[in-house]
Amino acid sequence: MADPLVIAFAGNPNSGKTSLFNALTGARQHVANYPGVTVEVKHGRHVLTDGTEVRLLDLPGTYSLTAYSAEERVAREALLERQAVAIVCVIDASNLERNLYLLTQLVELDIPVVVALNMVDEAERLGLVIDTRRLEKLVGVPVVPTVGRRGDGVTELIEAAVKVAREGRRPKPFTLSSHVEEAVAEISPLVADLDGLEPGRKRFLALKLLEHDPELVSGAHHRLPQEVLDRVEEVRAELEEHLGEDPEILVADDRYGIAAGVAREVVGRSTQGRARTAERVDSILTNRVLGLPVLVLIMWGLFEGVFRIGGPLSEGIEVAFGWLGATLSESMADGPLRSLVVDGVISGVGGVLVFIPQVMLLFLGIALMEDTGYLARAAFVVDRIMHAFGLHGKSFIPMLLGFGCSVPAIMATRVLSDPKDRLTTILVVPWMSCSARLPVYALLIGAFFPAERGGVVLLSLYFMGVALALVAARLFRSTLFKGPSEPFVMELPPYRMPTARAVVVHMWERAWLYVQKAGTTILAMSLVMWALSSYPKPPAGSEISDLEYSIAGRAGKVIEPVMAPAGFDWKLSVAVITGFAAKEVVVSSLSTIYGVGADAAEVGELPSLRESLQADPAMNPLVAYAFMVFVLLYIPCIPAVAVVAREAGSWKWAGFLVLWTTGSAWALATLVYQVGRLVVG
Ligand code: GDP
Ligand code: MG
């Protein structure tokens, strides 16, 4: 019996490969585990109407044929080893341009290809009309429309694949831009005589050498004479000098250009002309010009909402805690226990719990953006900006999660496969202002800025964090981690109307963590702070206040000179130190400090922390702003530092992060304060 025909299914994730594969193989399939990777390749069998048996391979979903991820490597290995006599490139018709990018590479492998134009039902629903014949002409391989979910078109598809395989119809690669083609023409003859290299793979290898593909270049090392590799380097350098861009990026740009061009040629709108609402919405939300202002507007709306709705609610909770403190004060005998409960526990934990409305509203906003599908659009909008700063498009996802909490955000950098992209992102994520910093802002903005400007002041802090993170990323990419970032095509999920339940659950899960933290870390830190700011007691009859005489007071005085250029007095300095444990602790420390500092005779009418701050002559809006800038930027909390050490693989990076962020925080806060003083006079 002749060797069975093996046909490989390649395509982007979610293009419908598995659906088509299942429709063809039914139960005749099994999963192969590749050693060392979790990526699967499924094998299956299909029998044609004439009785011929074909074997099918369902390759892992990939956007590209580089060697950046395990999926790409497994898919590429399988194809390069010539396991398959034909490739079925599965393309999501509703996302033609993004899916064509992979096809531009598959046609270079010197293996017959057919395109499964899948999800044509979805494309139709979106009002897209695709000219299949024209597409066939432009890409030079047969195109078969399919609906994988229903199995429509699969018989025609497999027959077309067997036909090109039997005819040995090799596809013709796309012509790239002239400079790239010239470089390929220089390299091709050098590899032509390579042992074991089939003539049809010459162009593929030449392109990969030009792109400096790590695996193929090092693999080629064994066989390629050094002078060839040197010559390749020369060609690469010339190209880069000529066009000012890494050849890998140039090649990727050419491919995107081809994909975009083909898509534009073959996709039309249905004659009814009624672009779906989603399309119209998308044309604004992801518009090249409007996308960013719209994003800013949405974020601004979110912060306004957090402030205007959250503020009054939070004042209600403040009143409740004030009442609780006063009641307990009256019913308990004067002494250390009363002080511990009222100044330590109630002020410390209460000071943080007061901000639950703001935190919940922020999480509600993030949950809404995530669940509607806007988050991915936002990522798409900032993709180009991210690249300009040397970050990967995918870096946006951990950065956005950083608005919630740095710890999961740093763990989310695992989506980045390039170690340089990943380290850069890890180091800048802490400047995404996490929710623990919100209480600090809410407290100080509430105390020192008029309500109608609260949202803008808050937004300015979040923006400063983002802007500085981008600048830092650029800096790191041009010093510590040189080299181009991995090219990336962003996938846009469909819009969804989130269910109220899902949004509430999402929001609540996160808000609950905040409450738990108030009950554990913050409670513990409040007790420590209470002890440190209550003892030792000054000798009887001394003029000095309890607080100034205490350990915390003295520690604050020691660092006060260091913080003075930023405008912080010793009380703020103490709060800053305690914030290492968690940033909310800054608020609970201030509560405790000002609580202990309040005149004991006035017990029963304890001033709120906000009022205490307003009454402090050392405080004013400028100091408050400089302080918020410092809190935004300085050392992420201890748990975040520990995660950085683990994810970056060494304490060296964690140590660097601590010094770098705290140094920058001091410099920026000082700058704000000093410039502010000049302006305000
Ligand atoms: P894979 O990641 O490429 O293997 O994609 P899957 O086969 O797992 O399909 C991804 C999703 O798209 C699943 O929910 C399928 O039910 C759906 N799907 C697959 N083919 C079609 C199609 O032709 N039309 C529509 N509307 N959905 C499809
Ligand atoms: Mg699949």
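Below, all heavy atoms of this structure are taken into account, side chains as well, without hydrogens, waters or symmetry copies. Counting starts at 1 for both ligands and their atoms, following the listed order.
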**OP:** Identify the two heavy atoms, one from E97 and one from A260, that lie closest to each other, and give their separation to 0.1 Å.
**Re:** OE2-CB, 3.3 Å

Any nitrogen or oxygen of [X], main chain or side chain, under 3.5 Å from a nitrogen or oxygen of ligand 1?
| X | result |
| --- | --- |
| V147 | no |
| S19 | yes |
| P13 | no |

Subject >> Contact with ligand 1 for S15, non-hydrogen, under 4.0 angstrom >> reply: yes

**OP:** May I ask whether V120 places a heavy atom under 4.0 Å from ligand 1?
**Re:** no

Quick one, [X] and [Y] - any side-chain contact, counting heavy atoms below 4.5 Å?
| X | Y | answer |
| --- | --- | --- |
| V139 | L103 | yes |
| P112 | R170 | yes |
| L207 | E108 | yes |
| L56 | F9 | yes |
| R201 | L80 | yes |
| E77 | V74 | no |

**OP:** Check each heavy atom of D58 against ligand 1 and say whether those closer than 4.0 Å belong to the side chain, the backbone, both or neither.
**Re:** neither

Original post:
With backbone taken as N, CA, C and O and side chain as the heavy atoms from C-beta onward, which portion of N14 lies under 4.0 Å from ligand 1: side chain, backbone, both, or neither?
Top reply: both

[X]: numbered ligand 1 atoms lying under 4.0 Å from its heavy atoms:
| X | value |
| --- | --- |
| N118 | 20 (N), 21 (C), 23 (O) |
| N12 | 3 (O) |
| T18 | 1 (P), 4 (O), 7 (O) |

